[in-house]
Amino acid sequence: MRTAPDQRRADLERVVRTVVEPVRRYLHRRTDAATADDVLGETLVVLWRRLDYVPADPVPWAIGIARLQLANAERGRHRRGRLALRFGRTEATAVPDPTEPVAGRLDDVAVVRAALGRLRPADAELLRLVTWDELTTGQVAELLGITTNAVAIRLHRARGRLREELGRPGARPDTGQRGEGTP
Amino acid sequence: MTDDDLDRRLRAADPLPDLPALRPDRLDQLLEDTVTSTAPQTHRRPRALLLAGAAAAVVAVGGGALWLTTGDGDPTVLTAQPVGGPAASCAAITPETLAGSDVAFAARVTGVEGGTVTLETTERFAGDVADTVEVVQGDAGDVVDGAPLELQPGTTYLLTADGGTIGSCSGSGADSPELRALFEAAFG
């Protein structure tokens, strides 16, 4: 006979198998690998404690938890950075930006990333959630706590702003494919 | 440029298109670590706070009452009902316990006068909280868990009230990453 704790663990495993890869990808796109691993672990602990509240689609819910945990981790990092400065330590606290273009490469990837970086953070994040994390508008609505209609409107505006940025002088026109760039 | 074209360019700019899936043994370990995780590091009101700051600027909550006011409207009066007996200690604060609170908010102490603390709401997590919150000092003798929350000028606190009460075991405390993580997990 399966005991209650066994059942609970089985429930957790079922949820984790559903959310772990989307959450990992979400985190690894936004921070360094070590922080992503730490935050993934913290996210699963929160998920375990809130197992009774898991919604029908746990993916946006779990990403929402990861998002908050990552924000906490980043705040902690900033605080350690200030302490390091105060005590005159020189250890590097900066984290490589995974969206940083490869040095010297001015291909369309770099152009798009640069344009994305000039958008308002909320617009850029919305576009990332839909295209990089492949969330549906319904899932984004769940994650952000807004209506699907509001997501669609914001997405429309964000795409418009990105088009504007890509149309600015200095932004290379789309070559139609991912170019190799020149050094 | 159509939406599809734009999305295609965005997807091509994905810095992580091919993250390998977690190895099965690593996933098993992660699950094991999760279910054997100890209780979260609960927020313990630091004893040092009891000694810090000028005594006149320190107000204990727990045996007091909370008013949530808009400045000129009738205040909503929340009375304090300490939980447990004289030797009671607070259970671990979890997102689940916090989530049951009627109101949850962050507020910074802007003034202390005549036993009344005025706070400016900086963030709302749950419930209807006015821009200004007043906390009236209660009888310190009513505080039952031995660790009254103290509100000090300039400090930001994360506060909850449940059933009209800021309990001394409510999970309220000075803003800290640990406590904030619990609040965000509870109300995020």
Side-chain angles (χ1 to χ4, degrees), chain A residues 5 8-9 12-13 16-17 20-21 24-25 28-29 37 40-42 44-50 52-53 64-65 67-69 71-73 75-76 79 97-101 107-113 115-116 127-128 130-134 145 155-156 159 162-163 166-167 174 176-178, chain B residues 1-24 26-42 92-100 123-126 156 158 175-188:
Chain A
R8 199 164 171 77
R9 179 172 174 142
L12 174 76
E13 188 166 338
V16 167
R17 288 190 186 284
V20 70
E21 291 304 330
R24 281 183 73 228
R25 288 195 293 270
H28 279 267
R29 284 187 176 105
D37 286 344
L40 176 65
E42 290 160 8
L44 296 191
V45 170
V46 173
L47 197 151
W48 170 234
R49 294 194 180 118
R50 302 192 75 190
D52 295 334
Y53 301 90
I65 293 171
R67 188 167 173 247
L68 292 173
Q69 298 291 334
N72 286 338
R75 271 196 291 272
R79 192 162 34 252
D97 178 356
T99 64
E100 195 73 26
D107 57 8
D108 192 56
V109 168
V111 168
V112 172
R113 287 179 186 172
L116 206 51
L127 292 169
R128 289 188 201 106
V130 170
T131 57
W132 293 1
D133 299 304
E134 299 180 323
L155 196 54
H156 176 74
R159 284 192 176 111
L162 182 62
R163 277 194 192 89
L166 289 171
D174 179 21
Q177 60 183 357
R178 181 174 175 167
Chain B
M1 190 182 353
T2 67
D3 284 357
D4 286 346
D5 291 337
L6 195 64
D7 286 359
R8 178 183 53 74
R9 291 179 71 181
L10 276 165
R11 274 192 289 272
D14 182 350
L16 196 81
D18 302 312
L19 181 70
L22 209 55
R23 291 198 322 265
R26 178 75 187 100
L27 180 58
D28 289 343
Q29 184 62 51
L30 203 53
L31 281 164
E32 189 61 31
D33 291 347
T34 300
V35 298
T36 57
S37 62
T38 54
Q41 183 178 0
T42 57
I93 302 300
T94 66
E96 288 81 1
T97 57
L98 289 174
E123 205 173 340
R124 293 169 176 81
F125 294 95
T156 298
L158 297 173
D175 195 350
S176 68
E178 293 81 6
L179 186 58
R180 183 162 281 271
L182 292 171
F183 267 62
E184 289 177 342
F187 305 108

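Just so we're on the same page: letters track the sequence lines, and every chain starts at 1.
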statement: When every non-hydrogen atom of B:Leu22 is compared with those of A:Arg24, the smallest separation belongs to N-NH1, 3.1 Å

field: Straight-line distance of A:Leu127 CG to B:Arg11 CZ, nearest 0.5 Å
entry: 11.5 Å

field: Interchain contact, B:Leu6 with chain A, by part (heavy-atom threshold 4.5 Å)
entry: side chain

Spatial distance of atom CH2 (A:Trp48) from atom CG (B:Leu31) [nearest 0.5 Å]: 9.5 Å

- prompt: Taking only residues two or more places apart in sequence or in another chain, which ones pass salt bridge (Lys or Arg N to Asp or Glu O under 4.0 Å) with A:Arg159?
  reply: B:Asp3, B:Asp7

- line: Closest non-hydrogen atoms of B:Leu30 and A:Gly41, given as atom of the first, atom of the second and distance, are CD1-CA, 4.4 Å

- request: Can you spot which of A:Val109, A:Leu162, A:Val111 makes a side chain to side chain contact (heavy atoms under 4.5 Å, CB included) with B:Arg9?
  value: A:Val111

statement: Note: A:Leu68 and B:Ala185 closest approach over all heavy atoms is CD1-N, 4.5 Å

- request: Looking only at non-hydrogen atoms, find the nearest pair between B:Leu16 and A:His28 and report the distance.
  value: CD2-CB, 3.3 Å

- prompt: Given side chains that start at C-beta, do those of A:Arg8 and B:Val35 come closer than 4.5 Å, heavy atoms only?
  reply: no

task: Identify which part of A:Leu116 has an atom lying under 4.5 Å from any heavy atom of chain B, answering side chain, backbone, both or neither.
output: side chain

query: Which answer fits B:Glu32, side chain, backbone, both or neither, if we ask what part of it has an atom under 4.5 Å from a heavy atom of chain A?
result: both

message: If you define the side chain from C-beta out and look only at heavy atoms, does anything of A:Thr131 sit under 4.5 Å from B:Asp14?
response: no

message: For B:Pro24, which atoms come within 4.5 Å of any heavy atom of chain A: side chain, backbone, both, or neither?
response: neither

- prompt: Which atoms of A:Ile65 come close to chain B, meaning under 4.5 Å heavy atom to heavy atom: side chain ones, backbone ones, both, or neither?
  reply: neither

task: Under the side-chain contact (heavy atoms from CB on, under 4.5 Å) rule, collect the residues that match up with A:Arg25, sequence neighbours excluded.
output: A:Glu21, A:Pro22, A:Arg29, B:Leu19

task: Would you indicate whether the side-chain heavy atoms of A:Arg67 and B:Glu184 approach each other to under 4.5 Å?
output: no

- prompt: Counting distance only, does the side-chain N/O of A:Arg163 pair as donor-acceptor with the main-chain N or O of B:Met1 below 3.5 Å?
  reply: yes

- request: Counting only heavy atoms closer than 4.5 Å, note whether A:Leu155 contacts chain B via side chain, backbone, both or neither.
  value: neither

query: Is there side-chain contact between A:Trp132 and B:Pro17, with at least one heavy-atom pair below 4.5 Å?
result: no

task: Evaluate the criterion side chain to side chain contact (heavy atoms under 4.5 Å, CB included) for residue pair A:Val16 and B:Thr34; output intermediate values, then yes/no.
output: CA-CA 10 Å; A:Val16 167; B:Thr34 300; over 6 Å; no

